[in-house]
Each structure stands twice: as C-alpha cells, then as structure tokens.
Amino acid sequence: MHLRRKPLKYHGIAAIAVCATLAATAGCSSSEDQHADSKPSTKTSTASPPADARPLEASKLRAFLLKTSDLGSGYAQSPEKEDEAYQDDDIAADGCPALEKLGKQSDQMKFAVKATAEFTYDEDSELGEELYSDTPSALSSKLRAVVNAWTSCPTFTMTSGSTPISMKVSKSTPPQVGEEQYAYTTTMDLPAGPQVLKTAAVRQGNVVVMLTGAPALVDRHIETAVAKISPTS
C-alpha cells in the first residue's frame with residue numbers, strides 16, 4: 001500500500017499518527033466484505049443519524065477543535081502546518097492485505113471536510129486531534145472500513161522511504177460516547193525504542209473526532225472532544 005504523505009518524524013505522536021489514520025487523511029475506500037468482529041460499538045442498535053445531514057463548513061468544523069483551555073495545565077498547542085510546507089514521502093504498508101487493498105482504492109475515500117490540531121504535554125508527550133465532516137452514512141462506512149483494515153493484521157511493516165517500522169495493532173475498549181465508537185492501540189518498533197500510541201475515533205452525527213497519542217492522554221480527553229462536536233448532530 002503506497003501513499004504520498006508528508007515525512008514522518010520519529011518521535012512523539014508524529015512518528016505514526018499520520019499512519020494511524022492514513023485511510024482517512026490520504027483517502028481510502030470502504031469495502032463490502034467488512035469483518036464481522038469489527039462492527040462499531042454503539043449506544044443503541046437503532047442509532048441512525050438524519051439522512052439529510054450535510055457536511056459542516058470548514059470554519060465551523062475548526063471551531064470544534066480542542067484548545068489548550070479544554071485540556072488543562074501542562075499543554076501547549078503546536079503551530080498549524082500547511083501540507084505545502086512538507087515534501088512528499090512514500091509510505092508503504094507491507095504484510096497486511098487489507099491495508100494494501102484499501103490503498104489501491106484511495107480515490108474513493110476522501111471525506112468532505114477536515115480539521116486538525118496537535119498538542120504537547122509536559123514537552124515529552126503528544127496528542128493529535130483530527131475532525132472529519134461528511135454525510136453521516138459516508139462517515140460511518142468509511143470510518144468502519146479504515147478501522148477494519150487497520151486492525152485486521154496484528155503485525156505488519158510500515159516503510160517511510162527506506163526505513164521499515166514494525167507495527168503491532170490490537171483493539172481496545174472503545175469510549176462509551178457518541179453514536180459509533182472505535183479504539184485500538186499501535187505499538188511501533190522505532191530506532192529509539194518501542195512507542196505505544198492509542199487511537200480513539202467517535203462519530204456523532206455528521207462529524208468524526210479522532211484522537212491519537214499517549215494512551216493516558218487519549219483516554220483523558222476523548223469525552224471532552226466528543227462533547228464539543230455533540231451540538232452538531
């Protein structure tokens with residue numbers, strides 16, 4: 001699976017945060033043969049967002065991003081980065097057929113609107129937030145496809161340029177908020193040593209919030225992040 005992305009930084013959340021959500025950020029498609037054990041956790045089996053809910057405007061979506069005032073003391077927001085400021089880099093996922101298949105269908109999976117924010121905590125831990133908006137049905141099917149693919153292989157290899165990174169992925173207990181919830185933990189074998197990141201993704205109506213970072217930080221702030229998008233549903 002080959003994607004054109006900005007270069008990875010091998011420290012903190014940037015080491016693989018872009019890959020943890022690679023299907024959503026670079027674009028991948030949903031698949032009809034979803035894994036039966038990867039169904040979303042939902043508060044109610046009949047949860048169904050309005051069919052006519054439209055994607056939010058970019059300015060409104062950005063307003064729902066977390067701020068340092070939402071997180072508490074010890075957090076600093078990283079400067080916003082435009083994609084043009086980075087050179088493209090080849091990222092490949094090898095040894096995971098589902099990710100490879102998803103990558104070949106990338107043009108079919110782009111969400112309508114996206115907003116991001118990154119934070120550091122006590123200078124040595126990082127937390128990244130990504131918001132996506134689209135019709136509820138599009139968000140639901142694409143998010144499910146992303147998580148199914150990412151968690152379908154317990155181990156595989158990510159390669160950035162010529163640098164291979166051994167990956168281990170396991171499902172985690174999803175947060176009990178929103179209409180659809182997913183969570184998984186990624187362990188990366190980096191040159192500086194193993195690094196563990198947790199990703200939690202929640203859909204509420206026509207918005208998805210995804211947090212990636214140190215597991216304790218994700219668990220601490222996912223409910224706050226979801227509460228900010230709840231008025232949009």
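FYI, side chains are in, hydrogens and waters are out, and symmetry mates aren't considered; it's all heavy atoms of this structure.
- Side-chain contact check for C153 versus L99: every heavy-atom pair is 4.5 Å or farther apart.
- Side-chain contact between F64 and L56: present, with at least one pair of heavy atoms (C-beta onward) separated by less than 4.5 Å.
- Taking the six-membered ring for Trp and thresholds of 30 and 60 degrees, W150 and Y184 have ring planes inclined between 30 and 60 degrees apart.
- For A138, the side-chain contact (heavy atoms from CB on, under 4.5 Å) partners are D134, T135, K142, not counting sequence neighbours.
- Between K228 and L65, the shortest heavy-atom contact is NZ-O, 2.8 Å.
- Distance check, rounded to the nearest 0.5 Å: CG of L71 to CG of L66 gives 5.5 Å.
- The backbone N or O of A225 lies less than 3.5 Å from no partner atom in the side chain of E129, so there is not a single donor-acceptor pair.
- A heavy-atom distance below 4.5 Å is not found between the side chains of V226 and P175.
- In this structure, OG in S140 is found 12.5 Å from CG in N206, a value given to the nearest 0.5 Å.
- A donor-acceptor contact shorter than 3.5 Å links the side chain of E100 to the backbone of G95.
- The minimum heavy-atom distance between G205 and E179, with the atom names listed, is N-OE2, 3.4 Å.
- Listed here is the closest heavy atom pair of V207 and L61: CG1-CD1, 4.0 Å.
- Sparse packing is recorded around CD of E57, with 12 or fewer heavy atoms of other residues, nucleotides or ligands lying under 6.0 Å away.
- Shortest non-hydrogen contact noted between A200 and V218 is CB-CG1, 3.7 Å.
- Residues M167 and T186 form a side-chain contact, since some pair of their non-hydrogen atoms from C-beta on lies under 4.5 Å apart.
- Considering CG of L197 and OG1 of T212, their distance stands at 7.0 Å, rounded to 0.5 Å.
- Every residue meeting the ring pair (Phe, Tyr, Trp, His ring centres under 6.0 Å) condition with Y75, not counting sequence neighbours, appears here in chain and number order: Y121, H221.
- Rounding to the nearest 0.5 Å places CE of M188 at 7.5 Å from CD1 of I165.
- Of all non-hydrogen atoms in G178 and Q204, the two that sit nearest each other are CA-OE1, 3.1 Å.
- Distance alone, capped at 3.5 Å, is enough to place a donor-acceptor pair between the D70 side chain and the K67 backbone.
- For the atom pair CG (L211) and NZ (K198), the distance works out to 10.5 Å, reported to the nearest 0.5 Å.
- Rounding to the nearest 0.5 Å places CZ of R203 at 9.5 Å from CD1 of I229.
- The two residues T120 and S78 have their closest heavy-atom pair at CG2-OG, 4.0 Å.
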